[in-house]
Asker: 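The structure is given below, and queries will be raised subsequently.
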Amino acid sequence: MISGYDDIPFFDEDPQLSGKPPAPKEKPAGGIAARAMAARDAHRTPDYLSGLNPEQREAVETLDGPLLVLAGAGTGKTRVLTTRIAHILATGRAYPSQMLAVTFTNKAAREMKERIGLLVGGAVEGMPWLGTFHSIGVKLLRRHAELVGLRSDFSILDTDDVVRLIKQIIQAEGIDDKRWPAKQFAGMIDGWKNKGLDPAQIPEGDARAFANGKGRELYIAYQNRLKTLNACDFGDLLLHPIRLFRANPDVLAEYHQKFRYILVDEYQDTNTAQYMWLRLLAQRQKGTPQNVCCVGDDDQSIYGWRGAEVDNILRFEKDFPGARVVKLERNYRSTAHILGAAGHLIAHNEDRLGKTLFTDRKDPDDDKVVVHAAWDSEEEARAVGEEIEQLQRQKHKLNDMAILVRASFQMREFEDRFVTLGINYRVIGGPRFYERLEIRDAMAYFRLVSQPADDLAFERIVNTPKRGLGDTTIRNLHDYARARDIPMLAAASDIIETDELKPKARKALFDVVTDFRRWQSLLETMPHTDLAEQILDESGYTAMWQADKSAEGPGRLDNLKELIRSMEAFESMRGFLDHVSLVMDAEQNAELDAVSIMTLHSAKGLEFETVFLPGWEEGLFPHQRALDEGGRSGLEEERRLAYVGITRAKRRCHIWFVSNRRIHGLWQSTLPSRFLDELPEAHVEVAEVEQSYGGYGRGGYGQSRFDKQEPFQNAYSTPGWRRAQANRTEATRDNWGSRSGHAVERVGYGESGPRSRMIEGELVAKSTTSEPSKFAVGDRVFHLKFGNGNVAAIEGNKLTIDFDRAGQKRVLDGFVERK
DNA sequence: CCGGAAGCCGTTTTT
DNA sequence: CGGCTTCCGG
């Protein structure tokens, strides 16, 4: 069971505690037994500490006072964090409930819980205050909602709700929402909240920048509206607790007393609001030590563009006087070449505390980091595909390989290629489970049942499925509700008693109101999963998808079932709603052996035996916009991103750049990234021409931009490299080896359509068997990526197809359908 | 209410 | 160029 927030009593979580915090055990009382135990413990290193290196151990054992752990990539950061917690528990310095441990993502929180569980044994039932900034914020707010003008059953709005709400507000103010898009304003509000700014505090310039000086006014209107809706946006989950603590020192003092140890992971990613939040909780009265431990890596700060303040970590020692700083630089992940390359690159940054990763690993067989050139992105994908096949032949698992791109549009080329080659892949990132239409609809039903003031939920589902409650009726109802300052559901309840609506609409609305009344009355008594199912059935929502004849229908019904199933892990509807608002992960299919494709941003924290880093070209990486908008610090963040990319690799790192890339539909020649020039020759080699340097007959482009450039002062002017340029041959045909099935997994992608973004799990072409193909030469077929074409030849399950637009390709038959 | 057509934009993403 | 959104018309 995943523990909800409301099952945990406030101060006496620990049965042993009987209402009082435990006496710290560092000074054993005078009893003989106690002294004996202390003596024994002094001579024995607990198991969990042995095996740590000296720095890690210092980070674990420095318990009193502020501590900053600068943990380089692959230096055992999570191990230190979890061991530290285990150590605090084992030495009896605090109960699990007296530790506040904050992470950025739910994934990180989950991982930490698991690993603590392994260390401490099942004894610790999670830690109630281990979670993301936001989930802990929710927990605080549920307890003290009334102090910030909310009720404790408040709703949490996601970005989509927020935009819709803002749009309404903009329109209500009589502002042209074309000229002043709600989305943009939502972004501005988010930015202000990241900085911890109330409407009164936003800079005058910002306030003027939107809608002819109405920025502040709109922000105020938005906050008022949220209050009426009894709702929070994500920013509020941080800001309300800050307000609450500032306005209620007594409440803050309770938490000061409660949290004996505070831990923050990924400190380099904290924004100003999170920083203020932390300062409030960490700054105790004079005399008591601030047991704050922040762990982070300034070299891996890659979220400046969304409000993260690297400065927080750079300034730690000033903020927390007397802080100890421990650097973890011994790397357990990568080869010396990989570390050498990454280290040399990141040394070009000025704004850093300065760390150098090292390893004892000495293996002459280790590969250097390899830089490859390709003619264009298609060739890049083809060559990467060939390398992957090569590795596969050497028995490397696809799960150990990843392609990390700067921008998601780069993924497509690789996907296309892998589909063609039959290489399994999974795409990580993008829209997720909870964002799917049917999930959001279902959630709106549940939200409205448990929080009747949630007008956004009401408006979302009042006419879904269709009930004949069109725009006119809804607008009437909306006005009616606003005029009386009551929620729309309540307004609906009133209005059906009047004759303001046409009989048909009135009846439909009556049914809706009656349904919700009934469901609300069941909320307390009926198990929430049963209720959820009943809601979806009785509302006609399930039936709506059952009646849907399109291809998506069945999938959506499956997703709804999955939603209900996932509710079982929660104790209440409320707990479940919080979970879905805050935790957006989709589960992965771990069974499937597949190459991972993701952005560099989502790769942070992961590691792979082999990493491919395509697209190292000026303009793409570093990205032009980062340079334009961020100047030097923008460039440095890009460089950190490159550093993150390289340091994901354990054994092999292959970097690519192309000479021509299609940008917004136009072919442009591109220059190799400056980051390539910043790699050290000692650890990097430039690939000789390996296999095909085809250009698919694009011989005319043979003059590469490259050849016209100033001579490179590094390896790219080597003979091998020049030969690579010269040796471009005509296209080699696709190289079909025999291989078994193929599967595509879309982790976290919702919605299907022409470009399917569904998790497909195992699918499509199961084998290379000799089973006779169900296609015949001459068949007219359709392929998802290549469009329509005619079958030209068949070998087993592989078809050669002349596509109308894409030319001749060889494709597994599972990927096409007969027209 | 649905669907075609026109227009717009074009990093990175969590909560 | 092309994908996605939005808008208007049937």
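All values reported here derive from a predicted model rather than from experimental measurement. Scope of the values below: all heavy atoms of this structure, side chains included, with no hydrogens, waters or symmetry mates.
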Asker: Do the rings of A/F570 and A/H579 sit parallel, tilted or perpendicular, given the 30° and 60° boundaries?
Answerer: tilted

Asker: Any luck finding a side-chain donor-acceptor pair between A/D177 and A/Q171 under 3.5 Å?
Answerer: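 Per modelled atom types, A/D177 and A/Q171 side chains form a pair under 3.5 Å.
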
Asker: If you draw the axis of the six-membered ring of A/Y303, does the NZ or CZ of A/R306 fall within 45° of it and under 6.0 Å from the ring centre?
Answerer: yes

Asker: Provide, to the nearest angstrom, the distance between the CG atom belonging to A/N194 and the C1' atom belonging to B/dT13.
Answerer: 12 Å

Asker: Taking N or O atoms only and anything under 3.5 Å, show me the protein contacts with nucleotides 6-11 of chain B, one pair per line.
Answerer:
residue	atom	partner	partner atom	Å
B/dG10	N3	A/H664	ND1	3.3
B/dT11	O4'	A/H623	NE2	3.3

Asker: Between A/W180 and A/F210, is the ring-ring contact (aromatic ring centres under 6.0 Å, His included) condition met? List the steps.
Answerer: CA-CA 7 Å; A/W180 303 103; A/F210 195 82; 5.2 Å; yes

Asker: Nearest-Å distance, CG (A/D269) to C1' (B/dT12)?
Answerer: 13 Å

Asker: Pick out the pairs of N or O atoms, protein on one side and nucleotides 7-10 of chain C on the other, that lie under 3.5 Å.
Answerer:
residue	atom	partner	partner atom	Å
C/dC7	OP1	A/K178	NZ	2.6

Asker: Can you check whether A/R467 reaches A/S539 side chain to side chain, under 4.5 Å on heavy atoms?
Answerer: yes

Asker: Would you mind reading off the distance between A/Q171 atom CD and C/dT6 atom P, rounded to a whole angstrom?
Answerer: 11 Å

Asker: Measure CG/A/D158 against C1'/B/dT13 and give the value in whole Å, please.
Answerer: 14 Å

Asker: Going by distance alone, is a donor N or O of one side chain under 3.5 Å from an acceptor N or O of the other, for A/D441 and A/T464?
Answerer: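 No, no side-chain donor-acceptor pair sits under 3.5 Å.
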
Asker: Side chains of A/E618 and A/Q624: is there a donor and an acceptor less than 3.5 Å apart?
Answerer: no

Asker: For A/I189 and B/dT15, give me the distance from atom CD1 to atom C1', rounded to whole Å.
Answerer: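 Between C1' of B/dT15 and CD1 of A/I189: 16 Å.
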
Asker: Once you round it to whole Å, what is the distance between P of B/dT12 and CZ of A/R640?
Answerer: 18 Å

Asker: May I ask you to check whether over 12 heavy atoms, not counting those of A/K195, lie within 6.0 Å of atom NZ?
Answerer: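 12 or below, so no.
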
Asker: Indicate syn or anti for B/dT11, taking the glycosidic torsion and treating anything within 90° of 0 as syn.
Answerer: syn

Asker: Which value, in whole Å, describes the distance between the P atoms of nucleotides B/dT11 and C/dC4?
Answerer: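 To the nearest whole Å, 14 Å.
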
Asker: Measuring to OP1 and OP2 of B/dT13, would you say a side-chain N or O of A/T599 lies under 4.0 angstrom away?
Answerer: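 Checking A/T599 against B/dT13: at least one side-chain N or O falls below 4.0 Å of OP1 or OP2.
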
Asker: Under the side-chain hydrogen bond (donor to acceptor under 3.5 Å, both in side chains) rule, what do A/N230 and A/D454 come out as? Steps first, then yes or no, please.
Answerer: CA-CA 7 Å; A/N230 190 30; A/D454 195 335; over 6 Å; no

Asker: So which one's nearest nucleotide on DNA chain B is more toward 5', A/L582 or A/L469?
Answerer: A/L469

Asker: Hey, which of these two, A/H601 or A/T132, hits DNA chain B nearer its 5' end, going by closest nucleotide?
Answerer: A/H601

Asker: Could you give the CG-to-P distance, from A/L666 to C/dG2, as a whole number of Å?
Answerer: 11 Å

Asker: Under 4.0 angstrom, heavy atoms only, what part of the nucleic acid is A/N463 near: base, sugar-phosphate, or nothing?
Answerer: sugar-phosphate

Asker: Measure the distance from CZ on A/F234 to P on B/dT15 and round it to the nearest whole Å.
Answerer: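 So the two atoms are 8 Å apart, to the nearest Å.
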
